[in-house]
Amino acid sequence: MSGMKAAMKIKRIHGIVMLAVAGVVTVVVALDFLAMRQPLPIFPGPGVTEVRPLSAYFPAIRGSRGDTEVYFLQGQDPGGTVLVLGGVHPNEASGHVAAVILVEKAAVQAGRLIVIPRANGSGFTHSDPQEATPQEFGIPTPSGVRRFRYGSRSTSPMDQWPDPDIYLHYPSGQTLSGNQTRNLNRAFPGRPDGNFTEQVAYAITEIVRREKVDLLIDLHEASPEYPVINAIVAHERAMPLAVETVLGLELRDIKIGLEPSPQNLHGLTHREIGDHTQALAVLMETANPAQGRLRGKTSEELILTGKDRMYINAYGAKRLYVDFDEKGHPLAGRVCRHLAGIDEFLKAFSAATPGRAVVLRSLPQPENIRDQGIGAFLN
Amino acid sequence: MVIVYQLIVLFILGITIWTALDEEDRYLQATAALVAIPLALRLLMIK
């Protein structure tokens, strides 16, 4: 009898020790996950004249993880307004980094530039399950390594849950897979009484309406096996402007495709902002192998260098929509494409509508970023 | 809806901890302790 009691006691002690170890592991990983909820700093440059929270346009999201910084770069001369979105999908690094460079290094002479580098603030607070992506990546700068968050494509389920079986887009009634309900770029134009993601989309749409935005440029990335890659997607009203931009980029030796915004695919910025507001709406895509299904090891190095042996093999098998060799698709080159695209869009827009011109006083030469690295162009 | 989810997770976490303490097989005790980690993170709405 006493032997049985002793065995039970030992069993309990084993269980308590194992649970204590599990408790320690829980605390360590919890602190790691909670750290992602702290936004990494952005250092506005002298070109930034005002910073407002997104909630200034829709107070219901104030204090939530959907609230994010909106940077205003006002020029001395009158002109129009251009809105640049980065981080609509927080796992598409080049759009986020390009928007940060605008905030830190750009200045405007005429008109106004509005930049939202973390459009889906909630998506930056977590990473995609089972994708093994790093939570951050580091860019070497003269003053040390600058960290950037590598988030998820979707709003965190901590902020919006559960996903329905079928996502019904408002107002089109389009049906999509249930997990798309947390995809900000399927939620536009949004609605004030909608779910969390729809409310964030509504707040951004309100900026477009209230600030009389003339042109919206949404910065994205996609996997190399995705057909719409190294391309501009333009709403039909923005197509003439996009054509001018493509020509300008080709003259800079940057090859880029042009796709019309599908009229029957709803929720995306280039479709809904173009349909529901006065703004011209375009989206730009670069090639990010860290997002692809064919990738090998997923690491900071892959995000930064864009080099992946598996993708070289896939290119050899003619499975990709972009060239892919041992040089890869480095982040610096992807950021260069976005900034050069913005530069050309502003030039084309200003030439077409001189009364609403948006002219930059300073912007790092995108080709220099590609050749010298991103770090030299961050504060 | 979230509170219902949390109550379900709390219930499963309770069973898991009970298993970790009461199970005779040490392998199963260790398995239960490992399973408790994601359940605790979900209960606390951390991940």
Heavy atoms from other residues, nucleotides or ligands near [atom1] of [X] exceed 12 (cutoff 6.0 Å):
{"X": "A/Leu34", "atom1": "CG", "answer": "yes"}
{"X": "A/Glu131", "atom1": "CD", "answer": "yes"}
{"X": "B/Arg26", "atom1": "CZ", "answer": "no"}
{"X": "B/Arg42", "atom1": "CZ", "answer": "no"}
{"X": "A/Asp165", "atom1": "CG", "answer": "no"}
{"X": "B/Tyr5", "atom1": "OH", "answer": "yes"}

Only pairs of heavy atoms separated by less than 4.5 Å count here; which of B/Ala36, B/Ala30, B/Pro38 has the most with chain A?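 Option with the top pair count is B/Ala30.
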Option that, when pairs with chain A are counted at under 4.5 Å, heavy atom only, ranks first among B/Asp22, B/Ile17, B/Val2: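 Highest number of heavy-atom pairs under 4.5 Å: B/Asp22.
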Under 4.5 Å between any side-chain heavy atoms of B/Met45 and A/Pro157, yes or no?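 Not touching, per the 4.5 Å side-chain cut-off.
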Are A/Ser127 and B/Lys47 close enough, and set up right, to give a side-chain contact (heavy atoms from CB on, under 4.5 Å), and what steps lead you there? CA-CA 10 Å; A/Ser127 48; B/Lys47 179 69 173 177; 4.1 Å; yes
Rounded distance (nearest 0.5 Å) linking atom CD1 of A/Ile10 with atom CD of B/Glu24: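 Output value for this atom pair is 12.0 Å.
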From A/His14 atom NE2 to B/Glu23 atom CD, the distance as rounded to the nearest 0.5 Å: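 Between A/His14 NE2 and B/Glu23 CD, I get 13.5 Å after rounding to 0.5 Å.
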A/Arg37 side chain to B/Ile46 backbone, donor-acceptor under 3.5 Å: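 At least one qualifying donor-acceptor pair exists.
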For B/Leu21, is there any backbone N or O sitting under 3.5 Å from a side-chain donor or acceptor partner on A/Lys11?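 Side chain of A/Lys11 to backbone of B/Leu21, a donor-acceptor pair under 3.5 Å: no, none is there.
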A/Met18 versus B/Ala33, closest heavy-atom pair with distance: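 Distance-wise, the nearest heavy atoms are O-CB, 3.6 Å.
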Chain B: which of A/Thr26, A/Val25, A/Ile13, A/Ile16 shares the most heavy-atom pairs with it under 4.5 Å?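 Result: the option with the highest number of such pairs is A/Thr26.
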